[in-house]
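Presented below is the structure to which this report refers.
We count residues from 1, following the sequence as given.
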Amino acid sequence: MSHVIPAPRQAVAPVEGGGDFPVHRIYCVGRNYAEHAQEMGFTGREPPFFFLKPADAVLPVAEGSIGEMDYPPQTQNLHHEVELVVAIGVGGRDIAAADAARHIWGYAIGLDMTRRDLQNDMKKQGRPWCIGKAFDQSAPIGPLHPIASTGELTRGAITLSVNGTPRQKGDLSELIWNVSETIETLSKAWTLQPGDLIFTGTPAGVAAVVRGDVMEGSIAGLGTLRVRVR
């Protein structure tokens with residue numbers, strides 16, 4: 001098959017030890033830690049909801065390096081949200097929670113960067129808020145670690161600091177909807193594919209960053225993701 005324009009470059013996430021993970025789709029879970037839900041004005045274990053980012057929103061950050069993220073246009077309130085990212089290696093539809101782990105290729109640390117002012121404006125107008133979430137470089141991600149080496153991640157500290165000052169702190173065990181439940185729910189609405197990434201939600205403490213800030217997100221067993229805003 002010949003293309004009438006150059007084919008877009010395949011979006012990829014880095015892999016621990018080398019290699020690339022081709023990205024198909026990026027699913028994100030909203031308000032999936034109780035304290036974060038509360039700071040956003042919500043309480044309780046509401047049914048999970050999802051939004052998507054384009055695959056090329058990924059900003060791959062190699063192991064041991066500092067990623068460089070451009071401060072995006074049209075915002076004065078860029079927020080960090082550190083998250084466990086789950087990479088799907090085996091696709092499927094209507095996946096039971098009990099079977100979810102065998103569909104996971106691995107895990108990484110990710111940042112769901114958010115133009116909060118634009119998101120809030122769209123919410124007030126009752127309009128979709130893709131402009132607040134799905135912009136260029138809005139999904140920095142560190143190296144993926146295969147589940148074969150990490151085991152299934154169900155607990156462990158998740159933190160983020162900015163310029164060395166702690167901002168976010170939580171534990172994976174505090175997810176309102178755990179990874180298996182999230183995969184079960186997602187796969188009822190979409191057929192999951194190899195290459196899909198799932199950003200699983202962020203703990204409390206989201207706040208703004210400015211040019212020059214260095215974010216350091218850490219998850220037990222996955223190391224540290226460092227990203228500088230420029």
Side-chain angles (χ1 to χ4, degrees), residues 10-29 32-33 48 50 52-67 81-93 95-113 137-160 170-175 177-187 190-203 215-227:
Q10 171 68 57
V12 297
V15 174
E16 180 194 25
D20 293 320
F21 183 89
V23 179
H24 177 247
R25 290 177 181 165
I26 303 174
Y27 298 96
C28 303
V29 188
N32 204 23
Y33 285 81
F50 307 96
L52 284 82
K53 293 176 183 272
D56 63 1
V58 159
L59 175 63
V61 181
E63 190 169 6
S65 67
I66 300 178
E81 299 188 12
V82 64
E83 311 203 1
L84 173 69
V85 181
V86 177
I88 297 297
V90 177
R93 182 74 182 269
I95 300 166
D99 298 327
R102 72 179 186 87
H103 293 264
I104 297 172
W105 190 90
Y107 304 96
I109 306 167
L111 296 175
D112 168 20
M113 300 303 294
Q137 300 183 328
S138 61
I141 186 170
L144 282 161
H145 297 244
I147 192 172
S149 64
T150 65
E152 191 175 353
L153 296 185
T154 58
R155 61 184 63 250
I158 174 171
T159 62
L160 182 132
D171 193 280
L172 301 179
S173 63
E174 298 168 354
L175 283 166
W177 297 92
N178 65 35
V179 170
S180 294
E181 292 170 328
T182 296
I183 290 173
E184 180 179 66
T185 304
L186 266 176
S187 68
W190 292 275
T191 300
L192 296 182
Q193 301 287 348
D196 287 343
L197 299 178
I198 304 171
F199 281 61
T200 59
T202 195
M215 301 171 286
E216 294 188 349
S218 298
I219 296 177
L222 300 180
T224 299
L225 166 65
R226 296 178 177 87
V227 178

> Which heavy-atom pair separates Val82 from Thr202 by the least distance, and what is that distance?
Replying inline: O-OG1, 2.8 Å
> Atom OG of Ser187 and atom CG of Asp99: how far apart are they, to the nearest 0.5 Å?
Replying inline: 10.0 Å
> Any side-chain heavy atom of Tyr107 within less than 4.5 Å of one from Val86?
Replying inline: yes
>> Nearest 0.5 angstrom please: Gln10 CD to His24 NE2, how far?
In response: 9.5 Å
> Would a 4.5 Å heavy-atom cut-off, applied to side chains only, mark Ile158 and Tyr33 as touching?
Replying inline: yes
>> Using every non-hydrogen atom in the two residues, find where Pro22 and Asp20 come nearest and quote the distance to one decimal.
In response: CD-O, 3.7 Å
> So how far is it from Ile109 CD1 to Ile219 CD1, rounded to the nearest 0.5 Å?
Replying inline: 5.0 Å
> Under 4.5 Å between any side-chain heavy atoms of Leu84 and Val179, yes or no?
Replying inline: yes
>> Contact between Val15 and Trp105 at the side-chain level, heavy atoms closer than 4.5 Å - yes or no?
In response: yes
> Is any side-chain heavy atom of Leu153 closer than 4.5 Å to a side-chain heavy atom of Leu222?
Replying inline: yes
> Considering all heavy atoms of both residues, which atom of Ala87 and which atom of Leu144 are nearest to each other, and what is their separation?
Replying inline: CB-CD2, 3.6 Å
> Measuring from His103:NE2 to Leu192:CG, what's the distance to the nearest 0.5 Å?
Replying inline: 8.5 Å
>> For the residue pair Asp171 / Ser173, report whether a side-chain donor-acceptor contact shorter than 3.5 Å exists.
In response: yes
>> Angle between ring planes, Phe50 versus Trp190, binned at 30° and 60°: parallel, tilted or perpendicular?
In response: perpendicular
> Taking Thr185 for the side chain and Glu181 for the main chain, is one N or O donor matched with an acceptor at less than 3.5 Å?
Replying inline: yes
>> Quick check: do Leu197 and Lys53 have side-chain heavy atoms less than 4.5 Å from each other?
In response: no
>> How close do Pro143 and Ala108 get, counting heavy atoms only, and between which atoms?
In response: O-CB, 3.5 Å
> Heavy atoms, side chains only, cut-off 4.5 Å: are Pro140 and Met215 in contact?
Replying inline: no
> If you take all heavy atoms of Glu184 and Ala97, which pair is closest and at what distance?
Replying inline: OE2-N, 3.1 Å
> So which heavy atom on Phe199 is nearest to which on Ala139, and how close?
Replying inline: CZ-CB, 3.9 Å
>> Using 0.5 Å steps for rounding, measure from the CD atom of Glu83 to the CG atom of Leu175.
In response: 9.5 Å
> So, does Asp196 use its side chain to make a donor-acceptor pair with the main chain of Arg25 at under 3.5 Å?
Replying inline: yes
> Taking the side chain from Glu81 and the backbone from Gly201, do they hold a donor-acceptor pair closer than 3.5 Å?
Replying inline: no
> Roughly how far apart are Leu111 CG and Leu225 CG, rounded to 0.5 Å?
Replying inline: 5.0 Å
> Within the side chain of Ser138, is there an N or O that forms a donor-acceptor pair under 3.5 Å with the backbone of Met113?
Replying inline: no
> Do Ile198 and Ile88 have side-chain heavy atoms sitting under 4.5 Å apart?
Replying inline: yes
